[in-house]
Amino acid sequence: MTANTKAQLLQNVVEHVDITSFDARPIIDSMRKMSFSSRDTARAADIFSMAIEDKDCSPWLILAGSTSAGGCMHVYRDMVKFGMVDAVVATGASIVDMDFFEALGFKHYQAAGEVDDNVLRENYVDRIYDTYIDEEELQACDHTILEIANRLEPRGYSSREFIWEMGKWLSEGNAKKPGSLIQTAYEEGVPIFCPAFVDSSAGFGLVKHQKERAAAGLPYLMLDAIADFRELTDIKIAAGVTGLFMVGGGVPKNFAQDTVVCAEILGVEAEMHRYAVQITVADVRDGACSSSTLKEAASWGKVQTTHEQMVFAEATTVVPLIGSDAYHRGAWKARDKRRWNKLFERG
């Protein structure tokens with residue numbers, strides 16, 4: 001490993017866009033009069049605003065992909081902070097490898113031109129398209145997860161409960177970068193679910209926790225995936241009217257949509273998600289969940305088709321516009337934060 005080469009690779013820090021610093025309403029208003037992806041983006045912004053304006057609606061943020069590492073991390077944090085969303089369903093990477101990682105004081109970096117990936121490996125630099133991560137720092141994140149797990153009671157936890165503990169740990173003065181999504185969600189009572197939680201830095205830390213505890217003959221912490229599904233379905237039932245703002249697809253998308261079906265299985269006639277937006281570049285022709293349209297979801301009884309919009313665009317190009325538009329229209333100021341974590345407080 002060459003320190004100079006690594007230092008050269010990790011020079012340009014990714015800076016996260018601030019939706020409060022610019023007003024995207026004129027852009028969205030102009031896009032509304034255009035065609036193609038511009039008009040789709042404007043309609044998606046309108047639907048998201050409708051969900052926020054609907055006093056009966058609880059909007060959820062659904063995250064897959066690497067937009068947090070690419071500069072949208074503070075957009076999602078601010079959606080929680082300002083009460084635009086009441087719950088988050090995400091990949092483990094979005095929450096742990098990106099958000100929690102930066103809360104520990106680490107950074108993501110812009111790639112500078114084409115570099116042989118074998119050279120990156122020699123320098124312990126991981127690549128997400130044109131974004132770099134220091135693998136040594138990522139392993140520090142893994143070990144921090146281990147430390148948090150070791151201090152908890154050895155029993156089953158939903159991902160929501162474990163992430164709540166991560167937010168609590170950060171709020172106790174351990175955050176090097178205050179105001180992360182995890183810490184903000186903890187402080188605002190907003191639950192974060194990661195249905196594939198161990199597919200992230202959390203997985204490495206939790207595997208080490210279990211191996212070390214088992215070797216010492218001690219009980220260990222476990223993750224309860226069924227509790228995840230039950231808890232999010234409980235939120236759907238309690239909320240009644242819901243809206244989905246989806247960035248990417250995959251497991252988080254299907255997990256959030258499936259709560260309507262799960263409620264039905266439990267004997268509760270829950271309304272299909274009333275508002276839905278998905279931003280994706282996935283091709284609809286392969287039959288995958290990530291690319292399936294919201295109209296297709298209606299056939300499964302998951303999403304209503306009255307207020308739904310697919311936006312086929314790379315998310316970092318449109319998410320800041322939609323977020324800024326919603327922030328400056330200000331409907332969030334009139335809605336009550338639901339603070340759904342209260343449903344799971346241990347009395």
Side-chain angles (χ1 to χ4, degrees), residues 56-63 76-77 79-81 83-92 94-96 99-100 103 145 148-172 174 180-198 200 202 205-206 209 219-245 251-252 254-268 270-271 273 335-347:
D56 296 325
C57 180
S58 178
W60 300 354
L61 172 63
I62 316 301
L63 286 179
Y76 308 134
R77 184 271 314 275
M79 284 181 175
V80 169
K81 177 181 177 181
M84 299 182 203
V85 297
D86 297 318
V88 179
V89 182
T91 58
S94 295
I95 298 304
V96 185
D99 182 73
F100 187 69
I145 295 293
I148 293 173
N150 284 343
R151 80 175 196 165
L152 297 178
E153 177 188 352
R155 57 174 176 80
Y157 290 76
S158 66
S159 67
R160 174 208 59 81
E161 189 176 13
F162 189 84
I163 294 166
W164 185 88
E165 293 287 354
M166 292 167 65
K168 180 181 178 183
W169 182 86
L170 289 172
S171 71
E172 291 171 345
N174 294 302
S180 63
L181 173 59
I182 291 179
Q183 184 174 350
T184 301
Y186 169 80
E187 293 168 352
E188 296 293 340
V190 172
I192 299 175
F193 293 87
C194 291
F197 193 42
V198 295
S200 68
L206 292 175
H209 162 79
Y220 49 75
L221 177 154
M222 296 169 289
L223 291 180
D224 186 344
I226 300 170
D228 274 346
F229 201 10
R230 171 175 51 80
E231 289 182 355
L232 190 62
T233 301
D234 285 344
I235 292 175
K236 171 58 184 169
I237 292 170
V241 179
T242 46
L244 304 179
F245 185 83
V251 173
N254 205 49
F255 187 72
Q257 290 183 345
D258 272 350
T259 54
V260 181
V261 180
C262 191
E264 183 180 353
I265 296 298
L266 294 176
V268 178
E271 180 182 307
H273 297 293
R335 73 179 301 270
D336 294 327
K337 297 179 179 181
R338 302 299 178 87
R339 305 186 190 278
W340 290 124
N341 259 334
K342 66 188 177 186
L343 293 178
F344 312 109
E345 291 176 353
R346 290 172 172 262

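Being a predicted model, the structure only gives us computed values, none of them experimental.
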Might you point out which heavy atoms bring F100 and I182 nearest each other, and give the distance in Å? CB-CD1, 3.6 Å

Give a yes or no answer on whether the side chain of R339 reaches the backbone of V190 with a donor-acceptor pair at less than 3.5 Å. no

Between G189 and P191, what is the shortest heavy-atom contact and its length? O-CD, 3.5 Å

Hey, does M166 have a side-chain heavy atom less than 4.5 Å from the side chain of V96? yes

Side-chain heavy-atom pair Y157, L152 within 4.5 angstrom cut-off: yes

Look at the side chain of K236 and the backbone N and O of Q257, then say whether any donor-acceptor pair between them is shorter than 3.5 Å. no

Do R77 side-chain atoms and T184 backbone N/O form a donor-acceptor pair below 3.5 Å? no

Within-4.5 Å side-chain heavy-atom neighbours: P195 and V89: yes

Is there a side-chain contact between F197 and D228 in this structure, where contact means two heavy atoms from C-beta onward sitting under 4.5 Å apart? no

Beyond-backbone contact of D99 with Y76, side-chain heavy atoms, under 4.5 angstrom: no

Note: Q183 and S171 closest approach over all heavy atoms is NE2-CA, 3.8 Å

Could you walk me through whether T259 and H273 pass the side-chain contact (heavy atoms from CB on, under 4.5 Å) test, one step at a time? CA-CA 9 Å; T259 54; H273 297 293; 3.6 Å; yes

Taking G156's backbone N and O only, do any of them form a donor-acceptor pair with D224's side chain (distance below 3.5 Å, no angle check)? no

Tell me, do L181 and I192 make a side-chain contact under 4.5 Å, heavy atoms counted? yes

State whether the side chain of K337 and the backbone N or O of K81 hold a donor-acceptor pair below 3.5 Å, judged by distance alone. yes

State, with a plain yes or no, whether a side-chain heavy atom of C194 is found less than 4.5 Å away from one of T91. no

Can S58 and W340 be said to form a side-chain contact (heavy atoms from CB on, under 4.5 Å), step by step? CA-CA 10 Å; S58 178; W340 290 124; 3.0 Å; yes

All heavy atoms of R335 vs all of C57, minimum pair found to be NH2-O, 3.1 Å

Parallel, tilted or perpendicular, as decided by the 30° and 60° cut-offs, for the rings of F344 and F193: perpendicular

Any side-chain heavy-atom pair from I62 and F255 closer than 4.5 angstrom? no

